[in-house]
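Take a look at the structure below.
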Amino acid sequence: MVTAGNPILCGCYPDPSICRVGKDFYLVNSSFAYFPGVPIFHSRDLAHWEQIGNILDREEQLPLAGSEISEGIFAPTIRYYNGIYYMVTTNMGNGGNFIVMASRPQGPWSKPYYLGEEAKGIDPSLFFDTDGKCYYIGTRPNPQGVRYNGDWEIWIQELDLKQMKLVGESAAIWKGALKDAVWPEGPHLYRIGEYYYLIHAEGGTGPEHSISAARSKRLFQWFEGCPRNPVFTHRNLGRDYPVVYAGHGDMVDDENGNWYIIMLASRPCRRHSSMGRESFLAKVIWEDGWPVINAGSGRLRKNEELPLRECRFGNEIGHHDHLHFYEEQLDDRMVGIHTRNETQYSLKAREGFLRLYARPEKIEDKTNASYLGLRQKDYCFEARTGLEFRPQGQESAGMVYYQNHKNHLRMEIKKKKDYRIFCVTEHIHGKDHVISETDISRTGLVEIIFRAQNQMADVWVKSGSCAVSAAGNINLLPFTTEEAGGFVGCTIGMYASANGTTDSNYADFAWLTYDEYL
């Protein structure tokens, strides 16, 4: 037996999809406008996960220019068939639905095969039937006209993998369990026994989120709904329940025939979520030909006892990220906005340091600023970075706590007159408010310390041997999904900018660490 702690992936890892190949499980998540895209994880016991790469790690695979941080990659699905791994997803605003393939889950993954106007809508999934045929399942607006917001339907069509195009006729097979259901989405199809089973989300990815089930003995006909629909939800538990927004599930079995489901949910603090939607695990049993999720409780549990042999990894995902810059490549956990390339950074310019170039792009603009961050995974945490930076003109460099380009907290070294200062600025709904300015006359390495505790934060700056309090009791609620909008959780990381000027400069970062703070 092994104990899986929920969430199995902490931080902004939403819309999980999973497949099993022999003893190995592979899981992917939405990445929105962060680059690289679609992180992929490996496990052998569903409890311990290691990140083995990012599926979309080349700019040719992932055009994101002009995207809001909550646009980009939506709801990937991973499947395996006949020696090939497939990932299908949506790039909102930059190409629509597409497929990539690989012979190894670590990659390299192929160029994207875009499915064109025929593949309308979002949240694509693939299903391989016993005869080898592949089918595309997605969600699209009501073809007869959208009568209300969320009036969509789930549909199916054969996919020719040699031509990488949809063939034959499409058919609507489901519209959701409730009358006038909104946002039937995230569909996944399975063949179990004599039935095809459809698992999908409905109610929107917020307080009314849920999982419903339907089935049919034939694909191209209307499915029948489970009489217990929705088969899972937390919407009846109230807004003060510690885990909310549960839904968007994908099922998988183990080698012994036991079934499980992974899904997204959020852990709010003070009724606000800074970490977006995370990946959770539950058990599935079958009664009367229908799935029952977490029988006996009907809700997500903090821990799940699984009948699998424990298998740990030396680099498994946890609550501590300590990054130093002696490698030739960036760590897979580190993300940029829109891009992550060597116009923004260098690992070779100075040994043991990551150099960020102060380019004209600013993080308060919808662009690819020089920013590299890690996902927030706890409400009580401490992040630190150490940098050497000598501002000459309008440039700045330091640390950013980032929700989106209109809502973030900047902690920067700047030049003011002939002095070097450390400035803490909150940027809320597109407007700057300077919280504090601290003189740091000493040259050399500066350490920035950000400590968050239950939606409040303190910031220290350390130049030499003494750490000075730069700002205290900063309210972090403006940087939550509920206040800032969108679908993502926060990241925290390193930043440099020339702030719209052509001044040429750089900052050298020695480390970036993230630790759960108890």
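Scope of the values below: all heavy atoms of this structure, side chains included, with no hydrogens, waters or symmetry mates.
- Contacts classified as ring-ring contact (aromatic ring centres under 6.0 Å, His included) and involving residues 493-518 (residues at least two apart or in different chains) are given here: Phe381-Tyr514.
- Between Pro391 and Arg420, some side-chain heavy-atom pair lies under the 4.5 Å cut-off.
- With respect to Glu388 and Arg350, a salt bridge is recorded, a charged nitrogen being found less than 4.0 Å from a carboxylate O.
- By the 4.0 Å N-to-carboxylate-O rule, Arg271 lies too far from Glu482 to be salt-bridged with it.
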* Asked: Taking it one step at a time, do Thr89 and Asn91 satisfy side chain to side chain donor-acceptor pair (under 3.5 Å)?
  -> CA-CA 7 Å; Thr89 189; Asn91 187 341; over 6 Å; no

* To do: Please report the C-alpha distance between His429 and Lys431 in whole Å, then the side-chain angles of each, then the deciding distance to 0.1 Å, and finally whether the side chain to side chain contact (heavy atoms under 4.5 Å, CB included) criterion is met.
  => CA-CA 6 Å; His429 299 312; Lys431 295 182 179 180; 5.9 Å; no

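- Among residues at least two apart or in separate chains, there is no ring-ring contact (aromatic ring centres under 6.0 Å, His included) pair with a member in residues 322-355.
- Formation of a donor-acceptor pair under 3.5 Å by the Ser279 side chain with backbone atoms of Tyr13 is found in this model.
- You'll find the ring centres of Tyr26 and Tyr80 outside the 6.0 Å limit.
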* Evaluate side chain to side chain contact (heavy atoms under 4.5 Å, CB included) for His209 paired with Leu264, printing each intermediate quantity in order. => CA-CA 10 Å; His209 209 198; Leu264 69 81; 3.6 Å; yes

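- Relative ring orientation between Tyr401 and Phe479 is described as perpendicular, the plane-to-plane angle rising above 60° on a 0-90° scale split at 30° and 60°.
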* Start with the C-alpha distance between Met275 and Ser266, add both sets of side-chain angles, then the distance that settles side chain to side chain contact (heavy atoms under 4.5 Å, CB included), and finish with yes or no. => CA-CA 8 Å; Met275 297 181 291; Ser266 290; over 6 Å; no

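- Of the options Tyr114, Tyr136, Phe74, a ring pair (Phe, Tyr, Trp, His ring centres under 6.0 Å) to Phe98 is made by Tyr114 and by none of the others.
- Ring-plane geometry between Phe313 and His42 is classed as tilted, the angle between the planes lying from 30 to 60 degrees on a 0 to 90 degree scale.
- Put simply, the side chain of Val38 does not reach to within 4.5 Å of the side chain of Val100, judged on heavy atoms.
- Scanning for ring pair (Phe, Tyr, Trp, His ring centres under 6.0 Å) contacts around Tyr357 gives an empty result, with sequence neighbours left out.
- Atoms NE2 and CD, from His200 and Glu185 in turn, are 10.0 Å apart once rounded to the nearest 0.5 Å.
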